[in-house]
Protein chains: 2
Amino acid sequence: MLAALESVFEIIAEPNRRAILSLLVSSQRSVGEIECQLRMSQPTVSKHLRVLREAGFVESTVDAQRRLYRLKPEPLREVEAWLAPFRRLWSAHVDALERYLDRMDTSPPKKRKKKKR
Amino acid sequence: MLAALESVFEIIAEPNRRAILSLLVSSQRSVGEIECQLRMSQPTVSKHLRVLREAGFVESTVDAQRRLYRLKPEPLREVEAWLAPFRRLWSAHVDALERYLDRMDTSPPKKRKKKKR
DNA sequence: GCGGAATATGCCTGTCAAGGTATATACTAC
DNA sequence: GTAGTATATACCTTGACAGGCATATTCCGC
């Protein structure tokens, strides 16, 4: 579980890790809080947190025996950056190429912002 | 390779699949073109395309013996949607203040020993 | 019909991640 | 010191996916 896992996309491919990240949006949490809210075993939470920490998704501070984890933005911005070129697919403005491709579309109509077919 | 793979995040966790998607941004392509440009074997390309098609990332039209694949927007919008709540992490003016408030959000730490491990 | 080109699929195998259990570590309170 | 709490790590097993190779399918031209 704590192996290579180089790419940020592989990190967020795991549903429990996404759940942890989403939980941390509202505020930082201790391992026990995450364990309780997401109904995962404590070692599982710790292992996922380790993966997330080593990938830069979260950081922790020590508070007595507890460790408080909170989000770090950088890796998710990588995802955002990769996603950027695809936004033209659903942006309101439809350029020439997309209109061309839409004309070739043989599948049943779907909700599109702009014209097609 | 052609198993469940339910979530869109698991689909885009595979580097070759991300490469295929990125390649299709500029225009639709045949399997042979993808195979050539990305230097993958033909069965590998076809299998990845099948995964992408079944997940709704791409669709294909038949052109003689060829099949032309092009992007479909919906699944990537799911990624975009999941990412949305995290944008507050890097929207400039809230950053420092909200992260400070996050720490106050839970029960106040007692004597804090600094930093991560 | 036949042969060839383009793509899809089946089978097999190596690899690796995810989780469980048990244990280790770190810290607090007494 | 001891006991208790919170978290991390080691070891192991299971399962799934990615890719290679061989083969099947589909379509074209002749």
Side-chain angles (χ1 to χ4, degrees), chain A residues 1-21 24 28-55 57-70, chain B residues 1-21 24 28-55 57-70 106-117:
Chain A
M1 186 185 215
L2 4 106
L5 267 190
E6 67 291 346
S7 129
V8 295
F9 295 92
E10 294 173 43
I11 307 280
I12 63 173
E14 221 293 321
N16 289 321
R17 283 197 287 267
R18 289 200 306 281
I20 291 176
L21 292 175
L24 293 180
Q28 65 180 356
R29 313 264 177 170
S30 70
V31 177
E33 290 169 337
I34 298 171
E35 172 190 352
C36 189
Q37 294 232 4
L38 301 183
R39 302 179 137 205
M40 306 164 52
S41 78
Q42 179 267 315
T44 295
V45 174
S46 281
K47 289 175 202 173
H48 283 309
L49 283 171
R50 175 175 181 173
V51 172
L52 290 170
R53 176 165 25 88
E54 290 179 346
F57 283 83
V58 300
E59 62 184 0
S60 66
T61 43
V62 175
D63 168 42
Q65 308 104 315
R66 305 194 310 162
R67 291 197 169 86
L68 299 178
Y69 282 85
R70 86 192 66 83
Chain B
M1 184 186 217
L2 6 102
L5 266 191
E6 67 291 346
S7 128
V8 296
F9 295 92
E10 294 172 42
I11 307 280
I12 64 173
E14 221 291 322
N16 288 322
R17 283 196 286 266
R18 288 201 304 281
I20 292 176
L21 291 175
L24 292 181
Q28 61 181 358
R29 314 260 177 170
S30 70
V31 177
E33 289 169 339
I34 297 171
E35 171 189 353
C36 190
Q37 293 232 3
L38 301 183
R39 306 191 152 205
M40 306 164 52
S41 79
Q42 179 268 314
T44 295
V45 174
S46 280
K47 288 174 197 173
H48 282 309
L49 283 171
R50 175 175 180 173
V51 173
L52 290 171
R53 177 165 23 91
E54 289 179 345
F57 283 84
V58 301
E59 61 184 0
S60 65
T61 43
V62 175
D63 168 42
Q65 306 105 316
R66 300 182 160 192
R67 293 201 167 88
L68 298 177
Y69 282 86
R70 85 192 71 86
T106 48
S107 54
K110 318 181 174 182
K111 25 210 161 187
R112 174 182 301 155
K113 305 275 183 72
K114 267 302 196 149
K115 239 12 211 178
K116 24 179 184 175
R117 15 186 356 252

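On a predicted model such as this, the values are computed, not experimentally measured, just so you know. Worth knowing before you read on, the calculation uses all heavy atoms, side chains too, and leaves out hydrogens, waters and symmetry mates. In what follows, chains are A, B, ... by sequence order, proteins preceding strands, each numbered from 1.
- If you take CZ of B:Arg50 and C1' of D:dC17, they are 14 Å apart, rounded to a whole angstrom.
- Between B:Arg17 and D:dA18, a side-chain N or O to OP1/OP2 separation shorter than 4.0 Å is present.
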>> For a salt bridge (charged side-chain N to carboxylate O under 4.0 Å, His left out) check, start with the C-alpha distance between B:Arg50 and B:Glu54, then their side-chain angles and the critical distance, and finish with the verdict.
In response: CA-CA 6 Å; B:Arg50 175 175 180 173; B:Glu54 289 179 345; 3.0 Å; yes

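- Distances shown here put every side-chain N or O of A:Tyr69 at or beyond 4.0 Å from the OP1 or OP2 atom of D:dA6.
- Listed pair A:Arg67 / D:dA6 fails the phosphate criterion, with no side-chain N or O lying under 4.0 Å from OP1 or OP2.
- The CZ-C1' distance, from B:Arg39 to D:dG19, rounds to 18 Å in whole Å.
- For A:His48 and C:dG19, the shortest distance from a side-chain N or O to OP1 or OP2 is below 4.0 Å.
- Regarding contacts with the backbone of D:dC21, every side-chain N or O of B:Ser41 stays at 4.0 angstrom or more from both OP1 and OP2.
- The nearest whole Å value for the distance from the CG atom in B:Leu49 to the C1' atom in D:dA18 is 15 Å.
- Place A:Gln42 and A:Gln65 on DNA chain C by their nearest nucleotides, and A:Gln42 ends up nearer the 5' end.
- Atom OG1 of residue B:Thr61 and atom CG of residue B:Leu68 lie 4.5 Å apart, to the nearest 0.5 angstrom.
- The interatomic distance linking A:Ile20 (CD1) with C:dG19 (C1') rounds to 13 Å, in whole Å.
- B:Thr44 has no side-chain polar atom (N or O) that falls below the 4.0 Å cut-off from OP1 or OP2 of D:dA18.
- A:Met40 places its CE atom 10 Å from the P atom of C:dA18, with the value rounded to the nearest Å.
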> What's the verdict on side-chain contact (heavy atoms from CB on, under 4.5 Å) for B:Arg17 and B:Ile12, showing C-alpha distance, side-chain angles and the deciding distance?
Replying inline: CA-CA 6 Å; B:Arg17 283 196 286 266; B:Ile12 64 173; over 6 Å; no

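- A:Arg29 has its CZ atom 18 Å from the C1' atom of D:dT7, to the nearest Å.
- Taking atom CG on A:Asn16 and atom P on C:dA17, their separation rounds to 16 Å, with Å as the unit.
- Nearest to the side-chain atoms of A:Glu14 among the listed nucleotides C:dA18, C:dA8, C:dA6 stands C:dA18.
- Rounded to the nearest 0.5 angstrom, A:Glu33 CD and A:Leu38 CG are separated by 11.0 Å.
- Rounded to an integer number of Å, the gap from CZ of A:Arg66 to C1' of D:dT5 is 11 Å.
- Side-chain proximity of B:Lys47 to C:dA6, D:dA18, C:dG10: nearest is C:dG10.
- Note that the CG atom of A:Leu21 and the CD1 atom of A:Ile11 stand 9.5 Å from one another [nearest 0.5 Å].
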